[in-house]
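Just below is one structure, and these are the notes that go with it.
Everything quoted here is computed from the prediction, not taken from an experiment. Side chains are part of it too, since the values below use all heavy atoms of this structure and drop only hydrogens, waters and symmetry mates.
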Amino acid sequence: MSHAPPQSTDLISELLTGMRLHGVQYRRIQTGPTFGLGFLPKPGHAYFHYLAVGSAILRGADGSQHVLSAGDVVLLPRGEGHALLSGEDHPVQCLETIDAAPLGDAVSGIDTCPSTHAVPSAVLFHGCMLFDLGGMQGLSKLMPAVMLADGNATAFPGLLPMVDAMKREVCSGRIGYAGILARLADAVAAMIVRDWVERGCDGASGLVMAMRDPRLSLSLLALHRDPGRDWTVEALAAESNISRSVFADRFQSVIGTAPLRYVTELRMQLASQWLTQQSLSIEIVAERLGYASQAAFSRAYKRVMGHSPSATRRGRALASP
């Protein structure tokens, strides 16, 4: 088994450090022997499911099916529509139309288990999250639609105790369990993404290849650590210890975009995150990213993102409860 160079490992760490999973909605769901739960497409979000008790079939947007058993964890990083079913032919009801009882901040409970059944057939914890990879946002497009982790498998070291903790919280109903579950879900989702990156991202190309390139990863690491520096192609090439022309050709060939375009797109992805998640002012964001004026930053932002920074801030304000 080949190992990534140290700088590649550092870059993966940068990715995971910048990753944010902001829980929008969590639900504890228990069902009877038959059920069909539909989940609407949510672009820019990720779906998370942990099956604590019972079994289920996850049917993806493309019709693919995944059989789940107790202990399994599923991450859908692109927020595609899907369904959880007790059987292939069971009718599906949209989850949004089912009554839920508040259990805590952003957490609710759904119980479709008939009163004639003393014990639910399936118990699961579901989360819908804003999935933000910061400067590595392009990676989300490369991820598989469904990322399945067997909580009992040795392929995910460290996952088993976390899944065990989730099961205890899901089934115990102790005070504050909903908030603890939400935090555990964030950590488990991060572990699934890390495993995918460390395994080579299923052979995905572009940025992933660059992350594992012993030369390009040096410049990418420097760039991601200091995006506001006055970067030139020469400066990036110097970080990789190769000539400007070789670096530019290699960067374009591997990542599929010119180095300075990548710099600009990275800055705008970070700017969007800082404007929405950290509520920084446009002036501070422009200064952090090395722009001489707010106007110059705003022009670059609109060119890349398709709208102004102020529109991004207004959108965040409208989305706030």
Using modelled atom types and a 3.5 Å cut-off, is there a donor and acceptor pairing between side-chain atoms of Y50 and backbone atoms of A185? no
Check for me, please, whether M166 and M191 land in the same ILVMFWY cluster - side-chain distances under 4.5 Å, paths through other members count. yes
If we only count heavy atoms from C-beta on, is the R28 to V123 side-chain gap below 4.5 Å? yes
Could you give all pairs that pass the side chain to side chain donor-acceptor pair (under 3.5 Å) test and reach residues 52-64, with sequence neighbours left out? D62-S64
By side-chain hydrogen bond (donor to acceptor under 3.5 Å, both in side chains), which residues pair with E80, not counting sequence neighbours? R78
Please check if V73 and I180 belong to a single hydrophobic cluster, counting links between Ile, Leu, Val, Met, Phe, Trp and Tyr side chain heavy atoms closer than 4.5 Å. yes
Run the salt bridge (Lys or Arg N to Asp or Glu O under 4.0 Å) test against E96 and tell me which residues pass, sequence neighbours left out. R27
Does R267 reach the main-chain N or O of P227 with its side chain, forming a donor-acceptor pair under 3.5 Å? yes
Any residue meeting side chain to side chain contact (heavy atoms under 4.5 Å, CB included) with E287, in chain and number order, not counting sequence neighbours: none
Where V92 and A83 come nearest, the two heavy atoms and their spacing: CG2-CB, 4.1 Å
Any residue meeting side chain to side chain contact (heavy atoms under 4.5 Å, CB included) with A165, in chain and number order, not counting sequence neighbours: R168, L184
Pairs involving residues 293-310, ordered by first then second residue, that meet salt bridge (Lys or Arg N to Asp or Glu O under 4.0 Å) (sequence neighbours left out): none
Mind checking ring-ring contact (aromatic ring centres under 6.0 Å, His included) for Y47 and listing every partner two or more places apart, or none if nothing turns up? F39, H82, H126
Any residue meeting ring-ring contact (aromatic ring centres under 6.0 Å, His included) with F297, in chain and number order, not counting sequence neighbours: Y291, Y301
Could you work out, with side chain to side chain contact (heavy atoms under 4.5 Å, CB included) as the rule, every residue matching I98, not counting sequence neighbours? L37, Q93, L95, I110, T112
Would you give the length of the straight line joining atom OG of S298 to atom NE2 of H307, rounded to the nearest 0.5 angstrom? 11.5 Å
Going from CD1 on I282 to OG on S310, what distance comes out if it is rounded to the nearest 0.5 angstrom? 5.0 Å
Given the rule in the side-chain contact (heavy atoms from CB on, under 4.5 Å) test, do L275 and S272 qualify, once you have shown the distances and angles that lead to the verdict? CA-CA 5 Å; L275 290 168; S272 178; 5.8 Å; no
On a heavy-atom basis, the closest approach of A222 and W231 is O-CZ2, 3.6 Å
For atom CD of E283, decide whether the heavy atoms of other residues, nucleotides or ligands shown that lie under 6.0 angstrom number more than 12. no
Sequence neighbours excluded, the answer for side chain to side chain contact (heavy atoms under 4.5 Å, CB included) partners of V146 is L58, H66, V74, L76
Can you tell me how far apart CG (L236) and CZ (F251) are? Round to the nearest 0.5 Å. 7.0 Å
So, for V285 and A271, which heavy atoms are closest and what is the spacing to 0.1 Å? CG1-CB, 3.6 Å
Heavy-atom closest contact (L85 atom, G36 atom, distance): CD2-CA, 3.8 Å
Which heavy atom in C113 sits nearest to a heavy atom in P120, and how many Å separate them? SG-CA, 3.7 Å
Distance-minimising heavy-atom pair for M162 and A187: CE-CB, 3.2 Å
Could you work out, with ring-ring contact (aromatic ring centres under 6.0 Å, His included) as the rule, every residue matching F125, not counting sequence neighbours? Y26
Sub-4.5 Å side-chain heavy-atom contact between L220 and Y262: yes
Value for OG1 (T312) from CE (M305), rounded to nearest 0.5 Å, stands at 6.0 Å
Between Q252 and A258 (side chain of the first, backbone of the second, donor and acceptor by atom type, cut-off under 3.5 Å), is there such a pair? yes
Considering only residues two or more places apart or on different chains, which pairs with a residue in residues 236-261 satisfy salt bridge (Lys or Arg N to Asp or Glu O under 4.0 Å)? D213-R250, R229-E239, E234-R244, R261-E265
Let me see the working for F48 and V188 under side-chain contact (heavy atoms from CB on, under 4.5 Å), right down to the final yes or no. CA-CA 9 Å; F48 176 92; V188 170; 3.9 Å; yes
